[in-house]
Protein chains: 2
Amino acid sequence: MNKRQIQKKKTRELILQVAKKEFIKKGFLDTTTSEISKKAEIAHGTLFLHFKNKETLIIEILDKELESINTNIFKLISKDYNLERLLSQYLNLLQKEEDLFVVLARELPFYSDKLRRKILFRDSIIRNHFHKAIESGIKEKRYRDIDVTSAIIFLFGTINYYLSLKPIFVKEGSVIKKFKSSIIKTFKKLIL
Amino acid sequence: MNKRQIQKKKTRELILQVAKKEFIKKGFLDTTTSEISKKAEIAHGTLFLHFKNKETLIIEILDKELESINTNIFKLISKDYNLERLLSQYLNLLQKEEDLFVVLARELPFYSDKLRRKILFRDSIIRNHFHKAIESGIKEKRYRDIDVTSAIIFLFGTINYYLSLKPIFVKEGSVIKKFKSSIIKTFKKLIL
DNA sequence: CCCCTCAATGAGCAATCAGTCACCGAGTTA
DNA sequence: TAACTCGGTGACTGATTGCTCATTGAGGGG
């Protein structure tokens with residue numbers, strides 16, 4: 001890599017880093033591209049040299065996190081199907097990038113079809129991990145014979161609710177952390 | 001009321017009616033005021049003669065529905081605290097104006113503080129009805145000794161999830177109707 | 001019949017932003 | 001060192017949209 005290529009990569013990474021910070025602070029929709037370029041101390045046009053448009057930017061940022069969660073959950077589920085550990089680990093992963101997922105939970109309905117589908121696809125893969133874990137538990141008679149899909153929607157609906165209304169549930173710090181044990185406890189009550 | 005006053009009231013009601021239809025069709029944020037005035041066949045300025053701004057418009061529309069649900073639930077809870085009937089009735093009320101609540105579920109995080117607070121206040125009153133119903137059931141040993149708040153968030157989170165992602169769960173018709181029995185069944189499993 | 005009131009009008013304002021493009025100059029190559 | 005490449009620049013464009021205000025004319029009071 002010569003000087004030019006190094007500089008290009010640096011600029012690209014700078015944009016991603018600044019954009020992520022801004023998206024978390026103000027949400028995707030309320031963050032302007034000129035704000036990102038100003039904070040990154042680059043020209044407005046430079047941003048569009050590296051990313052076709054604003055949406056491509058957030059796709060790259062979100063995709064990295066969702067991919068990472070997916071990989072981690074998959075690794076865990078390959079070792080054992082213990083639902084409680086799976087849920088606990090999933091909540092830990094969410095917590096790590098909580099503020100980004102807060103933005104996601106709040107704004108998802110407003111994204112373009114393409115972006116929404118991409119995100120919901122990843123989401124559905126993770127939901128599927130839970131599905132398998134519960135079904136496996138039912139077969140081994142460890143859990144109640146319940147409507148698995150409903151139980152999962154109850155779970156993801158709750159998490160989404162906490163995330164999208166975070167400021168109501170918690171003044172500062174993590175919502176996921178605050179309600180983690182309660183979420184796990186309630187979910188266990190539902191399936192055990 | 002003379003001719004003038006009658007006409008004024010008529011215009012106001014026409015605006016409300018057209019606006020509601022448009023908000024349901026395209027959401028609050030994507031509906032433009034000029035669209036509403038065009039569909040209502042009035043001048044753009046007339047809209048602002050009757051409503052200070054776009055937000056005042058949706059406040060009036062939403063407030064009427066929320067007030068109505070609240071009154072209905074309150075009446076029901078005054079007669080008896082049976083949780084299953086309460087939940088069933090609540091879902092019926094939501095279903096009646098489902099598409100308006102879909103808009104609400106999707107866009108709530110984007111409304112102004114004032115509007116959000118107003119809506120969440122009403123919501124919290126309704127949640128409170130459920131709280132009382134469950135607590136009363138626990139005292140009479142009809143339900144499990146559970147974390148009532150968590151159970152309610154599980155419930156409202158689920159309903160919100162179904163509403164905000166309606167197009168994913170149902171191609172046409174009512175999501176609430178489709179999942180009503182499943183919601184009630186799952187919730188009963190949680191508390192019984 | 002005249003004058004005043006006021007609901008209604010709609011062209012236009014002001015502000016916001018995503019994205020473009022002609023140009024620049026540092027870095028690379030021969 | 002001359003010629004070329006290409007990453008970077010930022011003023012500008014075009015589209016959108018909530019809201020205003022000078023003006024109009026129908027309705028109502030005296």
Side-chain angles (χ1 to χ4, degrees), chain A residues 1-23 25-62 103 107 110-116, chain B residues 1-23 25-62 103 107 110-116:
Chain A
M1 278 217 288
N2 59 29
K3 256 191 189 176
R4 260 196 201 153
Q5 288 170 313
I6 288 169
Q7 184 55 42
K8 193 178 177 184
K9 204 183 163 191
K10 235 183 183 169
T11 307
R12 186 190 164 79
E13 268 158 23
L14 177 67
I15 293 170
L16 280 171
Q17 180 201 316
V18 171
K20 184 175 170 183
K21 213 185 282 181
E22 289 301 301
F23 288 153
K25 200 158 73 188
K26 313 186 64 186
F28 174 65
L29 300 164
D30 281 347
T31 299
T32 63
T33 49
S34 32
E35 240 178 316
I36 294 170
S37 56
K38 205 186 284 172
K39 289 264 169 78
E41 289 175 320
I42 55 161
H44 191 202
T46 305
L47 200 154
F48 294 94
L49 224 70
H50 290 272
F51 301 91
K52 209 181 88 218
N53 51 41
K54 197 180 159 189
E55 201 161 85
T56 313
L57 231 183
I58 201 166
I59 284 183
E60 187 145 332
I61 292 168
L62 289 174
V103 172
E107 300 192 349
F110 292 95
Y111 296 163
S112 74
D113 254 19
K114 188 189 155 201
L115 181 48
R116 215 168 49 229
Chain B
M1 278 216 290
N2 59 28
K3 256 190 188 176
R4 260 193 204 157
Q5 288 169 315
I6 289 169
Q7 184 54 41
K8 194 178 175 183
K9 204 182 163 191
K10 234 182 181 170
T11 306
R12 186 189 163 81
E13 269 159 20
L14 177 67
I15 293 170
L16 281 170
Q17 181 203 314
V18 171
K20 184 174 170 182
K21 212 185 282 180
E22 288 302 302
F23 287 152
K25 200 158 73 190
K26 312 186 65 185
F28 173 65
L29 299 164
D30 280 348
T31 300
T32 63
T33 49
S34 32
E35 239 177 316
I36 294 170
S37 56
K38 206 186 283 173
K39 289 263 169 76
E41 290 175 319
I42 55 161
H44 193 199
T46 306
L47 200 154
F48 295 93
L49 222 71
H50 289 272
F51 301 92
K52 209 181 88 218
N53 50 42
K54 196 180 159 189
E55 203 161 82
T56 314
L57 232 183
I58 201 166
I59 284 184
E60 187 146 332
I61 292 167
L62 289 174
V103 172
E107 300 192 350
F110 292 96
Y111 296 163
S112 75
D113 254 19
K114 188 188 154 199
L115 180 48
R116 216 169 46 230

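So that the names make sense, note that chain A is the first sequence line, chain B the second, and so on, each numbered from 1.
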Are side-chain heavy atoms of [X] and [Y] found at a separation under 4.5 Å?
| X | Y | result |
| --- | --- | --- |
| R12(A) | E60(A) | yes |
| V103(B) | L62(B) | no |
| K25(B) | K39(B) | yes |

* Structure fact -> Note: chain B reaches DNA chain C at heavy-atom distances under 4.0 Å over the stretch, first to last nt, 5' to 3', of dT5(C) to dG10(C)
* Asked: For dT20(D), does either OP1 or OP2 sit under 4.0 Å from a side-chain N or O belonging to H44(B)?
  -> no
* Asked: Just to confirm, is there a sub-4.0 Å distance from OP1 or OP2 of dT17(D) to any side-chain nitrogen or oxygen of T33(B)?
  -> no
With a 4.0 Å cut-off on heavy atoms, is [X] in touch with a base, just the backbone sugar-phosphate, or nothing at all?
| X | value |
| --- | --- |
| L47(A) | nothing |
| T32(A) | sugar-phosphate |
| S37(B) | nothing |

* Asked: With a 3.5 Å cut-off and no angle check, do the side chains of H50(A) and T11(A) form a donor-acceptor pair?
  -> no
* Hey, does the side-chain of R4(A) have a donor or acceptor N/O within less than 3.5 Å of a partner on the base of dG7(D)? -> no
How many whole angstroms separate atom [atom1] of [X] from atom [atom2] of [N]?
| X | N | atom1 | atom2 | value |
| --- | --- | --- | --- | --- |
| K10(A) | dG8(D) | NZ | C1' | 15 Å |
| E22(B) | dT17(D) | CD | P | 13 Å |
| I6(B) | dA26(D) | CD1 | C1' | 15 Å |
| K8(B) | dG25(D) | NZ | C1' | 17 Å |
| H50(B) | dC19(D) | NE2 | P | 16 Å |
| I15(A) | dT9(D) | CD1 | C1' | 13 Å |

* Nearest nucleotide by nearest heavy atom, which residue falls closer to the 5' end of DNA chain C, Q5(A) or K52(A)? -> K52(A)
* Among the nucleotides dG28(D), dC19(D), dG8(D), which one has an atom lying closest to any side-chain atom of Q7(A)? -> dG8(D)
* Nucleotide of dG28(D), dG18(D), dG7(D) approaching N2(B) most closely (side-chain heavy atoms) -> dG28(D)
* Asked: Can a salt bridge be assigned to the pair E13(B) and K8(B) using a cut-off of 4.0 Å between side-chain N and carboxylate O?
  -> no
* Mark yes when over 12 heavy atoms from residues, nucleotides or ligands other than Q5(B) sit less than 6.0 Å from its CD; otherwise mark no. => yes
* Asked: What's the spacing between N53(B) CG and T33(B) OG1 if we round to 0.5 Å?
  -> 10.5 Å
* Asked: Of I42(A) and D30(B), whose nearest nucleotide on DNA chain D comes first from the 5' end?
  -> I42(A)
